[in-house]
Q: 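One structure is given below, represented as structure tokens, and several questions about it will come after.
A, B, ... follow the sequence lines: proteins, then strands. Residue 1 opens every chain.
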Amino acid sequence: MNWKYASQRKEYGRALIELGKMRKDVVVLDADLSGSTRTADFAKEFPEHFFNCGIAEQNMMGTAAGFAASGKVVYASSFAIFATGRCWDQIRQSIAYPKLNVKICATHAGITVGGDGASHQTGEDVALMRTLPNMTVVVPADAQETYKTTKAFADWPGPCYMRMGRLDFPVITDTDTPFKIGKGTLLREGNDITLIGCGNMVSRCLEAAEALEKRKISAQVINMSSIKPLDEALIEEAAKRTGGIVTAEEHNIVSGLGCAVSCFLAEHVPTPLKRVGLMDTFGESGEGEELMRKYGLTADKIIEAADEVVKRR
Amino acid sequence: MVAYPTDVIAELERKANLIRSHVIRMTRSAGSGHPGGSLSSTDIISALFFKVMNHRSSDPNWEDRDRFVLSKGHAAPAYYAALAESGYFPIDELSTLRKLNSRLQGHPSKNKLPGVEMSTGSLGQGLSVANGMALAAKLDRKTHRIYCICGDGEMQSGQIWEAAMLGAHFELDNVTAFVDRNMLQIDGPTEKIMSIEPLADKWKAFGWHVIEIDGHDMRQILDACDRAKETRGKPTMVIAHTVKGKGVSFMENALSFHGKPPNEEESKKALKELGGDQ
């Protein structure tokens, strides 16, 4: 498919600036990566409301909690592994447990971080955030949805996590595409199998669906950007309609989107399912797209999984 | 410096003694908890709640209140007793500490109990939170202050020193923090487990205004708070030299009472010493 590409991070920065213009209670924190996370865009417009905490993510999360306890809506950013793994206990104790209004918006998630290698990549962040009570988790599928998520977080009470990538993502939504925390979007209808993706794997799901159609397998595609709360009604409907599910994410298959969907289905609508994602492995250095191919985060892998699930139905 | 009248000091000492009696009864009734570190913090907590801080138990969320973060969350019994004695909730409720369905969790929980500003317990985090509150106050051009009590064992946490840097960097002169320097942590003396000295020099080197006091001397505590208020451009760290288990002879400096409540007999003896066995 011929995709247009756009930057999630750029849209994050743009949304922050708009929030800054609209409301006085927004503050933004970063840990020495403001140029990369694009919180620097906000800092330029609203220097008084921006706080660089240095390379000290644990302290940044505690400081964010203090701001939030004082009535501020706090956006705290870093690379995904540092914003979640480095300071998980701080997020748990000082943000999630007291249910404070801190929006952790992390960039450079997954393996498409590229050359930096496994130290800077993460396939664990969604798992880490999803397991925290009170936490909302959103993985936007593209730049436009990142913009909408950033804005929506400001009015969504309590702690939130948003996951962004480093590379530009294929554009699959536009300004009119509906977005609501807790709701997935049915992007394409079909009868034989449902492909449920998040982040940049949604575009791969769409590619896979198109290829499957040529082989007379009718696949529907759901963009499940809201991982928590999960759109259970939409999953149930899809399972009942198509009788088979494939999930796809640029995240460890352990405890990510695939597990969220599987757990729900196992308890409510047992349905043949296969997860496409990082196979419980760390990444490595390389170009983002090369890594996606090497680690099986491709439309071909989704097609393979779909074939297997269709047989098991 | 303010010369506090003798009767003001005496009243604060009486209140502190009352808090100590509550701590003994509460931990005894709970069958667990941390009496040692509660008793070492009691005089500071009493000075803050009954004299230093502006706060309203009738309006716990009053915008201009001074904020208090108990970074050493295990001193919750003393904190809860001070909140109850300030009128935030009925004194009777203190006996529910650590029990099922109680608002008095083993460590403070922000959304359960009125007056609790922040959930704490996992050590090393409270000072960062206090900093965030201080930054928010400055952003809003508010003049209220943020008070924070850390344990000395907490000084071993890296996050404390991250917070030390941030507090000095942003010149948070609206922060008054205390180290309850009782010299003991669970496994033994701090200097034997993981040395934190020279503590005052460390805080000075990190850019803080440092005051060292006897943490059981009300006049010194009040005086330190006044000096902190007058300091511009840097946050204040009060290193309060204290005695773990202070006020109960057989609990003083006794490592065993860090995380163990007194038994029935010890409890009676303690209350008798504190004059609270009515």
Q: Can you tell me which portion of A/L100 sits under 4.5 Å from chain B's heavy atoms? Options are side chain, backbone, both or neither.
A: side chain
Q: Out of B/I160, B/L127, B/V69, B/L166, return the one with the most heavy atom pairs under 4.5 angstrom to chain A.
A: B/L166
Q: At their closest point, which heavy atom of A/G66 faces which heavy atom of B/M133, and how far apart are they?
A: O-CG, 3.4 Å
Q: With only heavy atoms counted, which part of B/A163 is less than 4.5 Å from chain A, the side chain, the backbone, both or neither?
A: both
Q: Around atom CD1 of B/I193, are there more than 12 heavy atoms of other residues, nucleotides or ligands at under 6.0 Å?
A: yes
Q: For side-chain contact (heavy atoms from CB on, under 4.5 Å), just list the numbers for A/K72 and B/D140, CA-CA rounded to whole Å, side-chain angles, deciding distance to a tenth of an Å, and then say yes or no.
A: CA-CA 10 Å; A/K72 303 296 176 200; B/D140 291 340; 2.6 Å; yes
Q: Do A/Q93 side-chain atoms and B/S119 backbone N/O form a donor-acceptor pair below 3.5 Å?
A: yes
Q: Out of A/N59, A/V74, A/D89, A/L29, return the one with the most heavy atom pairs under 4.5 angstrom to chain B.
A: A/N59
Q: Is atom NZ of B/K202 surrounded by more than 12 heavy atoms (other residues, nucleotides or ligands) closer than 6.0 Å?
A: yes
Q: Would you mind checking if A/R86 and B/E162 are paired as a salt bridge, meaning a charged N to carboxylate O distance below 4.0 Å?
A: no
Q: Could you look at A/N52 and say if it's the side chain, the backbone, both or neither that has a heavy atom under 4.5 Å from chain B?
A: backbone
Q: Using 0.5 Å steps for rounding, measure from the CD atom of B/E117 to the OG atom of A/S70.
A: 8.0 Å
Q: Is the CZ atom of A/F282 crowded by more than 12 outside heavy atoms at less than 6.0 Å?
A: no
Q: Check for a donor-acceptor pair, side chain of B/N111 on one end and backbone N or O of A/P98 on the other, with a separation under 3.5 Å.
A: yes
Q: Please determine, among A/H49, A/M60, A/M61, A/K99, the option with the most heavy-atom pairs under 4.5 Å with chain B.
A: A/H49
Q: Kindly indicate whether the side chain of A/T63, heavy atoms from C-beta on, has any atom under 4.5 Å from the side chain of B/L135.
A: yes
Q: Is it the case that over 12 heavy atoms from other parts of the model lie below 6.0 angstrom from the NZ atom of B/K99?
A: yes
Q: For atom NZ of B/K142, is the number of surrounding heavy atoms from other residues, nucleotides or ligands below 6.0 Å larger than 12?
A: yes
Q: Once rounded to the nearest 0.5 Å, what's the spacing between atom CZ of A/F67 and atom CG of B/L139?
A: 6.0 Å
Q: Within a radius of less than 6.0 Å around NZ of B/K260, do more than 12 heavy atoms belonging to other residues, nucleotides or ligands occur?
A: yes
Q: Please say whether more than 12 non-hydrogen atoms of neighbouring residues, nucleotides or ligands are located less than 6.0 Å from NZ in B/K110.
A: yes
Q: Measuring heavy-atom distances to chain A, does B/N61 have an atom under 4.5 Å in its side chain, in its backbone, in both, or in neither?
A: neither
Q: Please indicate whether B/E230 has more than 12 foreign heavy atoms, meaning atoms of other residues, nucleotides or ligands, lying under 6.0 Å from its CD.
A: yes
Q: Please round to the nearest 0.5 Å and tell me the distance separating atom CD of A/Q58 and atom CD of B/Q159.
A: 5.5 Å
Q: How far apart are the closest heavy atoms of B/M118 and A/S94, and which atoms are they?
A: CE-O, 2.9 Å
Q: Report the distance from atom CZ of A/R92 to atom CD of B/Q125, rounding to the nearest 0.5 Å.
A: 10.0 Å
